[in-house]
Amino acid sequence: IEHARSTGRLDLSCMRLSVVPECVYDLGTLLRELDLSDNLLLSLSARVGELSRLRILLLENNRLRDLPRQLASLTQLVELRLALNGSLPTQIKRKHQEGLAALFTYLSGGESGLNAG
């Protein structure tokens with residue numbers, strides 16, 4: 001975590017995490033890249049919205065069932081990887097394929113079935 005404070009990068013891939021440690025969200029605006037791929041994550045906390053300068057978020061190969069609305073507040077995000085999360089709703093997968101703008105519009109629209117936090 002201390003290394004992430006200076007580099008803006010945090011790699012927590014392949015750690016068998018079922019939840020994202022709270023200390024990750026405490027990095028707030030310091031974090032630019034976050035790799036959570038190849039874990040056992042079922043969901044993300046609404047606190048993901050606190051990572052406001054995040055540009056890359058890698059979430060592939062987890063067990064995500066939904067995405068929090070707060071993900072749409074990550075306006076600097078340019079890369080979001082969600083592949084191999086078989087439990088994500090089809091609508092989220094479709095919007096992600098259309099691009100981040102489409103996904104964020106969907107998430108921020110408050111449509112039913114979305115995790116508010």
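Residues: numbered from 1 along the sequence shown. No experiment lies behind these values; they were computed from the predicted model shown.
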Minimum-distance pair of heavy atoms, taken over all atoms of Leu107 and Pro68: CD1-O, 4.0 Å
Nearest-0.5 Å distance that lies between atom CD in Gln97 and atom CG in Leu82: 10.0 Å
Euclidean distance, Glu22 CD relative to Ser45 OG, rounded to 0.5 Å: 5.5 Å
Heavy-atom donor-acceptor pair, Asn39 side chain to Asn62 backbone, under 3.5 Å: no
Would a 4.5 Å heavy-atom cut-off, applied to side chains only, mark Phe104 and Thr75 as touching? no
Do the side chains of Val24 and Leu31 get nearer than 4.5 Å, heavy atoms only? yes
Under a 4.5 Å cut-off applied to non-hydrogen side-chain atoms, are Leu67 and Tyr106 in contact? no
Quick one, Leu34 and Leu58 - any side-chain contact, counting heavy atoms below 4.5 Å? no
List the steps and the verdict of side chain to side chain contact (heavy atoms under 4.5 Å, CB included) for Leu80 and Leu103. CA-CA 10 Å; Leu80 174 64; Leu103 177 62; 3.6 Å; yes
What is the distance from atom CG of Leu100 to atom CG of Leu71, rounded to the nearest 0.5 Å? 8.5 Å
Do Asp38 and Arg16 meet the salt-bridge criterion of a basic N to acidic O distance under 4.0 Å? no
Within the supplied structure, the quantity of interest is the number of heavy atoms (other residues, nucleotides, ligands) at a distance under 6.0 Å from Arg65 CZ; does it exceed 12? no
Under the side chain to side chain contact (heavy atoms under 4.5 Å, CB included) rule, what do Arg81 and Glu79 come out as? Steps first, then yes or no, please. CA-CA 7 Å; Arg81 294 188 191 168; Glu79 183 176 353; 2.5 Å; yes
Do you know the tightest heavy-atom contact between Leu59 and Asn85? O-ND2, 2.9 Å
Are more than 12 heavy atoms, taken from residues, nucleotides or ligands other than Arg47, located less than 6.0 Å from that residue's CZ atom? yes
From CG (Asp26) to CG (Leu51), nearest 0.5 Å: 9.5 Å
Cluster overlap Leu44 with Leu84, hydrophobic side-chain contacts below 4.5 Å: no
Result for side chain to side chain contact (heavy atoms under 4.5 Å, CB included) between Leu36 and one of Asp11, Leu10, Val20, Asn61 points to Val20
Between SG on residue Cys23 and CD on residue Glu2, distance to nearest 0.5 Å: 10.0 Å
Of the non-hydrogen atoms in Leu12 and Pro21, which two are nearest, and what is the gap between them? CD1-CD, 4.4 Å
CD-CZ distance between Gln76 and Arg55, expressed to the nearest 0.5 angstrom: 6.5 Å
Between the main-chain N or O of Ser6 and the side-chain N or O of Arg9, is there a donor-acceptor pair closer than 3.5 Å? no
How close do Leu27 and Ala4 get, heavy atom to heavy atom, and via which atoms? CD1-CB, 4.0 Å
Scanning both residues in full, the closest heavy-atom pair of Ala102 with Lys95 reads CB-O, 3.8 Å
Any side-chain heavy atom of Leu40 sitting closer than 4.5 Å to one from Leu17? no
Work out which heavy atom in Ser87 is nearest to a heavy atom in Arg63; give both atom names and the distance. CB-O, 4.3 Å
